[in-house]
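Okay, so here's the structure we're looking at.
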Amino acid sequence: MPSAQPLASKDASLFKQVIKCYETKQYKKGLKACEQILRKNPKHGETMAMKGLIINTLGRTEEAFAIAKDALRQDMRSHVCWHVYGLLYRAEKNFEESVKAYKMALRFDPESPQILRDLALLQVQMRDYLGYVETRKILMSKRPQLRQNWTALAIAYHMSGQLGEAEKVLSKYEDTIKDEEIAKWNIEHWEACLYKNTIIAEQGDIERALQHLESVGKKCPDKPAVLEYRASYLLKLGRYEEAEKAYRVLIDRNAEKRDYYMGLEASMKINPANRQPAKAIYDEYAEKFERSDAPRRMPLDFLEGEEFKQAADVYLQKKLKKGVPSTFANVKALYADQDKREILFNLVKSYSEAQEKQAEGEANGITAEFSRFRLWTLYYLAQHYDHYRTRDVDRALHYLNKAIGLEPETVELHMTYARVHKHAGDLQQAMERMNEARNMDKSDRYINTKTAKYQLRNDHTEEALETMSLFTRNEPNGGPLGDLIEMQCVWYLSEDAESNFRQGKLGLALKRYQALWKIFEDWAEDQFDFHTFSLRKGQVRAYVDMLKWEDTLRSHPYYARAALGAIKVYIQMADNPGSANGVGSQFDNMTEAEKKKALKKAKKDEQKAQEQAAAAAQKAKDEKNKNAQVGDEAVKKEDTDPLGTQLLKTETPLEEANRWLKPLLELSPERLEAQLAGFEVHSRRKKYLLALKCLSKARSLSPEDPKVHEISVRLRKIANELPDDADFSPESKEAFLEELEGIIPKETDLTAFNEQYIEKNQGSLAHISSALRIRKLLKPEDKQDPQPIFEAFSNETTQLPEALECLQLLGELSLDTVEFKEKAKGRFPLAKMFS
């Protein structure tokens, strides 16, 4: 539809130049052209809209929206004004409003391919697949000569669950080119053929999928995919002999891929519960591929007794004589089986004893191969004694010292030395030893990263950042930290957040967690780049896999870690508003004078940190003005809250915690930690039905977990004390009480119930800790008896993390910790926490 406000010929040309300047990111030039048009036509809506769009790219969002709204008032029937309005909302990630604006634009220009494409992008981004189908139908009808329009429509049908329609669309386009000779290098065509094949298979018609694959597979350049699909189809169809041949072809191409061996076992009808007959397969390929690891390592998973010992002996000797540092890492999964664990240890121990005798008898005739074998045997034994199932710190250090005596410059030995000290609780020594290892090879980024991680674990955040700066760009715009955020270094931000939380710097902790939240948001938004790129390049299968992966993005372990950490911070803020001042739960054990002193110190530290941050920001700004040349690119927003002070001022910490919690519960419901966190948040929000739902799920996941006992009693106590005017509908309250009755009946004496729990779990420090917390909750006025803790601590299976939790618990119960520290020091002599 032509504009209701036509421009003169000269101004119309200038308007086209505005659009071109925007597309080529010449924003200042485009803005100047807008002003020139508006001087003659001050109420030209489309020019005003383009001006708002350009201003938005310069960081002036509020002004841009005001101009765009004014443009709509001037020309309500302009598709350009509505399109720009939608683009502004898209930039603000308000996709719902953006879609509305695009649809209004299409009312005035239903033929616009650009608006249709933008609408399609938003629909697939929002997973509105039914709407995406309709938009793609229109685009395909406008330009049916473009194959990517047909493919995009097929994807829309596929993702909306209409597999038959997706196949029809692809077949219909193939019919238009069936008389043409398709070259092997036509990647777009062959990718579309394989995509069609996967759709046929998804419909369950494996026989037809195999026939289709046979017809297109010979010319398809992705040979591994064709062979894998064919082997899988043959196996599903029960054509075992052909499947066996197919999997053998795959193994000959790649002898390290374990899936091929598992497929070969299935094609030979080997029972997964009794894989003993599969040994002949692995022996065959171990002989055929002398350098391959998979056919030698995989049999160790199912062999038993003497056969396991023989196979393990061959495997270990080959690795240790060759000097493979990862030998222990390769076999430590077998340590879950006690018999296999003992066999592996005895084998390596026998190597060490034989080496000691040989070294004594041939002091002057030691070969390089023997020295290498001896070194890595000692290294294996050190790692064995550092493993959590077999931990013995003194023996681990003994073997490491012997190994370092043989080869003092071997970096792996010093790194493991640091790891042993970390597991022993001496974080300072661990950090120092890891830094020594780093200095042996300053060009190794991995060791540099490990050193920074150990520094963060020891709460030396500034040293960690300095260490990371050796491998980052340290120019202005945030320095090394800014580069780490820009490079989306998730592990560093997670460790830094946890370190700041331990130090009571809740603002900085929230700042890092907010950076992590933005990274996951960016990963979701990055899909925009691939909605068009993947179709243009014809990478359809990878694109569909990406869409499915993005749907479960926040099930990633790093999101779970960040979410659980952020929820802890917000819960502490909700429970103790004083934690926003940086002293947190330290208030609990302080006198009024000590509280006042702590607050004064925290305020002084915060002021000092703000001054340092302001000075650093000013220095960076001066450096940028000195060195950088200002271009027409978009303006980067400066960080106005480097210490997270504004994040601490939130008046709704539980709602912020719930923001992190929702994706966690939705995508990781099988994680016990997620359900426990859900209970903590919902119980504080007084959403008791949701808290009960988390409790029920936690009970189904791990009914014997001590935390489950703890939250069960807490919820029963809440229900017993629930006022009549509680925020419950009668139906909801009845359902809540009825389900809770099946967990702990109302008439249960909670104190007696908890004491029975203590009696039942006397040997478990974790269970006793939870029970004592409940005892304190039920009778806060009674003085707590620490004796159950000491009795449980005497159990030989007690690990260092459990001891640290008990130390924290004694503080919460206001009990003397001296005796416990003495006992813990005897059990964990290197742990500095008990000094």
Side-chain angles (χ1 to χ4, degrees), residues 110-125 127-223 225-226 228-230 233 527 529-548:
E111 305 294 320
S112 171
Q114 184 58 55
I115 299 174
L116 285 168
R117 281 195 295 269
D118 285 346
L119 176 60
L121 287 179
L122 279 184
Q123 286 171 330
V124 70
Q125 181 77 9
R127 302 301 189 262
D128 176 16
Y129 290 125
L130 294 178
Y132 186 49
V133 167
E134 297 304 317
T135 305
R136 275 296 168 189
K137 279 183 182 178
I138 299 172
L139 283 167
M140 191 269 289
S141 65
K142 299 299 180 188
R143 299 192 68 184
Q145 70 274 22
L146 281 182
R147 180 167 196 156
Q148 63 179 355
N149 284 340
W150 292 81
T151 306
L153 179 57
I155 291 172
Y157 276 126
H158 180 195
M159 300 309 292
S160 65
Q162 303 176 64
L163 300 179
E165 292 297 322
E167 184 189 349
K168 285 180 185 178
V169 169
L170 293 171
S171 298
K172 194 170 182 179
Y173 182 81
E174 288 175 3
D175 290 341
T176 66
I177 59 171
K178 62 182 177 181
D179 297 330
E180 299 179 18
E181 182 67 24
I182 307 298
K184 284 188 176 181
W185 48 262
N186 191 337
I187 302 296
E188 183 180 16
H189 173 77
W190 299 114
E191 271 289 319
C193 288
L194 286 180
Y195 176 56
K196 177 182 173 182
N197 186 259
T198 61
I199 290 175
I200 296 171
E202 279 189 43
Q203 294 178 74
D205 196 345
I206 305 300
E207 183 67 46
R208 190 160 63 89
L210 179 59
Q211 292 172 2
H212 176 263
L213 187 67
E214 298 286 4
S215 67
V216 302
K218 292 181 180 179
K219 289 187 177 181
C220 183
D222 191 354
K223 294 300 180 186
V226 172
E228 287 176 4
Y229 289 168
R230 182 173 181 273
Y233 296 158
Q527 295 176 78
D529 298 329
F530 293 96
H531 295 320
T532 52
F533 172 83
S534 299
L535 292 173
R536 193 170 67 249
K537 294 297 183 182
Q539 302 298 321
V540 189
R541 290 176 299 148
Y543 172 65
V544 171
D545 288 342
M546 182 209 71
L547 290 179
K548 293 176 180 178

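With rounding to the nearest 0.5 Å, the separation of CD1 in I199 from CD1 in I155 is 8.5 Å. One distance of note links NE2 of H531 with CG of L547; it measures 6.5 Å at 0.5 Å rounding. For the atom pair CZ of R143 and CG of L116, the computed distance is 12.5 Å after rounding to the nearest 0.5 Å. For the atom pair CG (N149) and NZ (K142), the distance works out to 12.0 Å, reported to the nearest 0.5 Å. Between L213 atom CG and Y229 atom OH the span is 9.0 Å, to the nearest 0.5 Å. Taking CG from D205 and NE2 from H212, the interatomic distance works out to 12.0 Å, rounded to the nearest 0.5 Å.
The closest donor-acceptor contact from the side chain of T135 to the backbone of Y132 lies at 3.5 Å or more, if one exists at all. Between the side chain of W190 and the main chain of W185, no donor-acceptor pair closer than 3.5 Å is present. A distance-only check finds a donor-acceptor pair linking the side chain of W150 to the backbone of P144 [under 3.5 Å].
Ring-centre distance between H158 and Y129: not below the 6.0 Å cut-off.
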Original post:
After noting the C-alpha distance and the side-chain angles of V544 and Y195, does the key distance pass the side chain to side chain contact (heavy atoms under 4.5 Å, CB included) rule?
Top reply: CA-CA 9 Å; V544 171; Y195 176 56; 3.8 Å; yes
**OP:** Using the side chain to side chain contact (heavy atoms under 4.5 Å, CB included) rule, take E167 and R208 through it: C-alpha gap first, then chi angles, then the decisive distance, then the call.
**Re:** CA-CA 12 Å; E167 184 189 349; R208 190 160 63 89; 2.5 Å; yes
**OP:** Verify side chain to side chain contact (heavy atoms under 4.5 Å, CB included) between F533 and R536, making sure each step is shown before the conclusion.
**Re:** CA-CA 5 Å; F533 172 83; R536 193 170 67 249; 3.6 Å; yes
**OP:** Could you walk me through whether S160 and Q162 pass the side chain to side chain donor-acceptor pair (under 3.5 Å) test, one step at a time?
**Re:** CA-CA 6 Å; S160 65; Q162 303 176 64; 3.1 Å; yes
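Taking a cutoff of 4.0 Å between a charged side-chain nitrogen and a carboxylate oxygen, E181 and K219 qualify as a salt bridge. Remark: E214 engages R230 in a salt bridge, criterion side-chain N to carboxylate O under 4.0 Å. Using a 4.0 Å cut-off between charged side-chain N and carboxylate O, E188 and R147 make no salt bridge.
Between P221 and I187, some side-chain heavy-atom pair lies under the 4.5 Å cut-off. In this structure, the side chains of E174 and K196 come closer than 4.5 Å at one or more pairs of heavy atoms.
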